[in-house]
Protein chains: 2
Amino acid sequence: MQRTRTAILDAAARLLSCRPDAAIAEIADEAGVGRATLYRHFPTRESLQQGVAEVGIAEIVDAFEAAGLDELPADRAIARITAVVMRNGAKYAAVISQTSAELCDPADLDRATKPLREVVDRGIRDGVLRDDLRGETMFMMFAAVLERALFLTIGDQMTPEEATEVALAIFLDGARNPVATRRIG
Amino acid sequence: MQRTRTAILDAAARLLSCRPDAAIAEIADEAGVGRATLYRHFPTRESLQQGVAEVGIAEIVDAFEAAGLDELPADRAIARITAVVMRNGAKYAAVISQTSAELCDPADLDRATKPLREVVDRGIRDGVLRDDLRGETMFMMFAAVLERALFLTIGDQMTPEEATEVALAIFLDGARNPVATRRIG
DNA sequence: CCGTCATGAGACACGCATGTCTCATGACGG
DNA sequence: CCGTCATGAGACATGCGTGTCTCATGACGG
């Protein structure tokens, strides 16, 4: 019974992250259950999407909480966040893919993004990160890089480790060749 | 007649960039035309989407061609690309939002992304960009940053100038505070 | 004025996704 | 064995989006 529910949520997350408009019938197939069964567990499409969002967010939030971000300098915390997202973010990807933010509780979304914002703000305050860009702006760019990297792992274009390395390299240090900069400076 | 067609394409680009599943009736309303008129110009939803993609790609490709990228060092060319996308990419955003890549000619998509790949590859070769990441990977991160910045302009969260500045700062030089690095080094 | 063309409104057909429900079946526990 | 529960398959209803088409109207040029 719980196993069926979990199978449905897993299948929904897999399909909805790549195709937000995947049909209920497809999700039921992917889960290996009948359509009627899916509706018995999730009476509407919306409740299924909310279920996926809750699980996806809970997983990422739990992983952040276990990550001890507050005990690390901001750049190290950013590295940890990146690794966590690449390893635990598969269901969260479905949340990203959902076109309508109303499908998940705004408070929940805040819980998922708050650690990122806090680390970015702390980094700016502590002088670890540049302070010529607003924290909110920097958070948005961080999210963009993370999300793209996450989808590259989901599409099997990269391992989580590769994606972590790439996202960190670009977000923290940028594309410019530091050796070239040193030569000029 | 041509004015109607253009109005439809403009409206479609506006709606489809934010909501790829916007209904034809909505697009017709947004364009200020009847639904039957829309179908007279674009006989299927797919042909409308293809029309939007063609226009969006043509605009960005034309802007890249006019930008003289080859005459600039890679980092300056990246800056120029970024500015061009922020100013000319509104319709191209609808291409990005389309979930199915089949809706536009792969050759066209190549035309739009080729300048970015070439500049990245050139930058790595010339030592302007770091060479510890593959060119393809760096291109993907560049695209992620550009696309997010573009959507921030479309959503009126930033001006094209602000978005250009932010995207460049993060992509080229990263979030790390160079002063802090210097202190340690 | 007439003919042509582009257009809007509205009606219709169709397919598909969502949601609802029934019936039969299998698994399980008492 | 019987009762209960979870489930799958299938049928049905509904709504909505896509596509098709007709008719009336207005604009324009000859």
State whether the side chain of [X] and the backbone N or O of [Y] hold a donor-acceptor pair below 3.5 Å, judged by distance alone.
{"X": "A:Asp173", "Y": "B:Gly174", "value": "no"}
{"X": "B:Ser97", "Y": "B:Ser17", "value": "yes"}
{"X": "A:Thr37", "Y": "A:Val33", "value": "no"}
{"X": "A:Thr113", "Y": "A:Leu109", "value": "yes"}

[atom1] of [X] versus [atom2] of [N]: gap in Å, rounded?
{"X": "B:Ile8", "N": "C:dA6", "atom1": "CD1", "atom2": "C1'", "answer": "11 Å"}
{"X": "A:Arg45", "N": "C:dG19", "atom1": "CZ", "atom2": "P", "answer": "8 Å"}
{"X": "A:Leu16", "N": "C:dT18", "atom1": "CG", "atom2": "P", "answer": "10 Å"}
{"X": "A:Asp21", "N": "D:dG17", "atom1": "CG", "atom2": "C1'", "answer": "13 Å"}
{"X": "B:Tyr39", "N": "C:dC14", "atom1": "OH", "atom2": "C1'", "answer": "12 Å"}
{"X": "B:Arg3", "N": "C:dC5", "atom1": "CZ", "atom2": "P", "answer": "20 Å"}

Original post:
Going through the checks in order, is the side chain to side chain contact (heavy atoms under 4.5 Å, CB included) test met by B:Thr159 and B:Thr153?
Top reply: CA-CA 6 Å; B:Thr159 64; B:Thr153 67; over 6 Å; no
Original post:
Could you go step by step and tell me if B:Tyr92 and B:Val85 meet the side chain to side chain contact (heavy atoms under 4.5 Å, CB included) rule?
Top reply: CA-CA 9 Å; B:Tyr92 186 70; B:Val85 171; 5.7 Å; no
Original post:
Between D:dG19, D:dG17, C:dA9, which one does the side chain of B:Arg40 approach most closely?
Top reply: C:dA9
**OP:** Using a strict cut-off of less than 4.0 Å between a Lys/Arg side-chain nitrogen and an Asp/Glu carboxylate oxygen, indicate whether B:Asp10 and B:Lys91 qualify as a salt bridge.
**Re:** yes
Subject >> Any strand: nucleotide that pairs with D:dA27 via Watson-Crick or wobble, under 3.5 Å >> reply: C:dT4
Original post:
What does D:dG19 pair with, Watson-Crick or G-U, if both distances are under 3.5 Å?
Top reply: C:dC12
**OP:** Under 4.0 Å from any atom of DNA chain D, heavy atoms only: list the residues of residues 25-38 of chain B that qualify, in numerical order.
**Re:** B:Arg35, B:Ala36
**OP:** Please state whether the phosphate of C:dA6, meaning OP1 or OP2, lies under 4.0 angstrom from any side-chain nitrogen or oxygen of B:His41.
**Re:** no
Subject >> A:Thr4 side-chain N/O to D:dA6 phosphate OP1/OP2 under 4.0 Å >> reply: no
